[in-house]
2 protein chains.
Amino acid sequence: MQNAPTVKLPLECGDCPIRHNAVCARCNNEELISLDKIKYYRSFQAGQTIIWSGDEMDFVASVVSGIATLSQTMEDGRTQMVGLMLPSDFVGRPGRSIAPYDVVAVNDMLMCCFRRKPFEELMIKTPHVGQRLLEMTLDELDAAREWMLVLGRKTAREKIASLLMILGRRNAALNMTVAKSSMEFDLPLTREAMADYLGLTLETVSRQISALKRDGVIELQGKRHVSVPDFNRLIDESGDDADGGLLT
Amino acid sequence: MQNAPTVKLPLECGDCPIRHNAVCARCNNEELISLDKIKYYRSFQAGQTIIWSGDEMDFVASVVSGIATLSQTMEDGRTQMVGLMLPSDFVGRPGRSIAPYDVVAVNDMLMCCFRRKPFEELMIKTPHVGQRLLEMTLDELDAAREWMLVLGRKTAREKIASLLMILGRRNAALNMTVAKSSMEFDLPLTREAMADYLGLTLETVSRQISALKRDGVIELQGKRHVSVPDFNRLIDESGDDADGGLLT
DNA sequence: TCACACCCTTGATCTAGGTCAATGCCAATT
DNA sequence: AATTGGCATTGACCTAGATCAAGGGTGTGA
């Protein structure tokens with residue numbers, strides 16, 4: 001646990017995130033084999049709802065490829081996205097059978113699933129899996145709390161900049177490249193999905209993106225491809241501390 | 001793990017939350033003894049900052065009595081509370097030495113502390129502690145995500161009602177009483193702290209509390225004692241689903 | 001090639017909540 | 001009993017972002 005990396009790792013040995021090298025280094029073969037026995041793969045189409053809030057959920061899973069969103073919706077239709085699930089993220093929760101939010105595939109996805117009961121038994125038998133899950137959960141908690149600052153206190157422009165920073169960083173991490181001063185990436189989300197993530201309306205999202213473009217902070221190729229000539233400029237706009245987060 | 005309660009337990013056997021009955025039932029004596037060897041107690045005064053964001057943190061701890069807040073502050077002073085720590089909550093994180101937020105004592109507090117390194121070693125030796133910590137972290141993650149909906153999508157009035165619901169419920173839980181249709185409790189927070197929790201200004205908090213009083217949803221004795229004649233009315237005002245949360 | 005469905009942008013207007021400022025309350029101190 | 005200081009309330013006004021509305025690309029299927 002001491003030297004475990006706190007950033008999300010891309011896939012390493014095989015295609016299942018549970019086997020990330022942070023765990024593998026400590027796992028013996030028996031554990032890997034027992035994991036293999038209870039897992040299976042499922043794919044989902046873009047736009048498909050993977051799990052409905054309130055539904056019985058008999059599996060836990062990790063994202064192999066594609067992007068999903070977690071969101072909560074009030075009776076009157078207001079919705080708030082509470083998480084973005086990217087490859088290597090873990091969906092579901094041992095010890096609870098009812099899903100607390102909707103999980104929706106943004107693009108085509110492949111998930112590595114484990115039936116919940118055997119997975120729970122496995123966690124008791126092989127503590128390393130639980131330890132890795134604890135690390136990941138703590139990271140998600142930190143991310144959720146950082147997002148609370150975004151939602152509660154930032155202006156619309158800062159919110160957009162914060163989202164672009166996250167998307168840029170995660171894109172860089174997925175490509176195993178270092179985040180550098182200039183970068184470009186695709187926006188996986190519609191303006192409406194961004195609005196739901198940021199607690200804004202889609203019109204405000206659109207206006208602020210236009211404003212950032214007008215001010216030269218970003219450039220757009222089409223509507224869904226962004227390039228950031230100077231990443232530090234974006235950081236300034238986001239209102240974050242320069243050091244870029246609370247890792248380690 | 002299967003039957004572990006998902007609500008936070010009040011203190012049970014002794015005064016350290018790590019020994020909550022959910023864990024105790026599965027622990028053998030050896031584990032309890034080894035915990036005792038590395039723990040110590042610290043008290044803090046009301047208003048005292050327990051941990052500064054960015055500081056080195058060589059211990060983890062759990063709240064024995066009193067209330068603390070977790071908060072993040074931007075350079076220009078805007079602050080957002082990201083958590084309320086009540087008795088039995090766990091502060092700090094194994095595997096990370098730098099504190100990501102300020103922890104401030106709201107009233108006089110007693111904390112049960114563990115030096116971080118020995119605690120991490122203990123977690124490896126005795127998986128039950130890690131499993132309990134995972135449960136607690138997952139609960140906190142759910143709470144953080146529910147709060148994201150509050151921050152991102154609720155109106156000021158709904159935000160206040162949501163906060164009062166949480167305070168009322170936690171108060172009922174601490175007193176080991178069942179949440180019933182009418183209840184009363186003290187507000188532990190100033191109007192400003194409530195504003196920081198809710199992403200509002202203190203004036204708006206004050207106005208909305210006055211409005212809820214005017215409309216008969218709550219009554220005030222002094223400025224810090226609330227009684228709620230009909231808890232369901234408060235739930236309606238909060239915009240939440242009637243069933244009252246996502247537990248189990 | 002037309003038409004329909006999506007997604008996105010932009011403008012005009014409205015409003016919830018922020019900002020600024022005055023005042024009130026009460027407990028502690030002198 | 002006067003003073004000080006920390007909270008809290010209330011009013012008047014302002015503004016960021018919501019709401020309402022119109023139109024513009026682009027892709028897909030008939």
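Labels below follow one simple rule: chain letters A, B, ... track the order of the sequence lines, proteins then strands, and each chain is numbered from 1.
- Annotation for A:Q221: atom CD counts as buried by contact number, over 12 foreign heavy atoms lying within 6.0 Å.
- Listed by first then second residue, pairs satisfying ring pair (Phe, Tyr, Trp, His ring centres under 6.0 Å) with a partner in residues 187-212 of chain A read A:W147-A:Y197, not counting sequence neighbours.
- Note that CD1 of B:I67 is 7.5 Å distant from CG of B:L167, once rounded to the nearest 0.5 Å.
- Between the side chain of A:R116 and the backbone N or O of A:M57 there is at least one donor-acceptor pair closer than 3.5 Å.
- Within 6.0 Å of the CD atom in B:E192, the count of heavy atoms belonging to other residues, nucleotides or ligands does not exceed 12.
- In the region residues 187-195 of chain B, proximity to DNA chain C at under 4.0 angstrom, judged on heavy atoms, holds for none of the residues.
- With hydrogens and angles ignored, the 3.5 Å screen pairs a side-chain donor or acceptor of B:D102 with a backbone N or O of B:S53.
- Each end of the helix from C:dT1-D:dA30 to C:dT30-D:dA1 gets its own axis, taken as the rotation carrying the C1' atoms of four end pairs onto the next four within a five-pair window, and the two axes meet at 30° to the nearest 10 degrees.
- When side chains are defined from C-beta on, A:D139 counts as touching B:R96, because their heavy atoms get closer than 4.5 Å.
- Distance check: A:T73 OG1 to A:Q80 CD gives 10.0 Å after rounding to the nearest 0.5 Å.
- Taking every nucleotide of DNA chain D with any atom under 4.0 Å from a non-hydrogen atom of chain A, the first and last of them, 5' to 3', are D:dG17 to D:dC20.
- Atom-to-atom distance recorded for A:M194:CE and A:L189:CG is 6.0 Å, nearest 0.5 angstrom.
- Taking 4.5 Å as the limit, some side-chain heavy atom of A:L164 sits within range of a side-chain heavy atom of A:I160.
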Per-nt protein contacts along nucleotides 15-25 of chain C (heavy atom under 4.0 Å; B base, S backbone sugar-phosphate only, - none) come out as --SSBB-----
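- For residues 148-165 of chain A, the pairs satisfying salt bridge (Lys or Arg N to Asp or Glu O under 4.0 Å) are A:R153-B:D196, A:K154-A:D240, A:R157-A:D215, A:R157-A:E237, A:E158-B:R78, with sequence neighbours left out.
- Listed pair A:S210 / C:dT10 meets the phosphate criterion, a side-chain N or O lying under 4.0 Å from OP1 or OP2.
- The main-chain N or O of A:N232 is found under 3.5 Å from a side-chain atom of A:D230 such that the two form a donor-acceptor pair.
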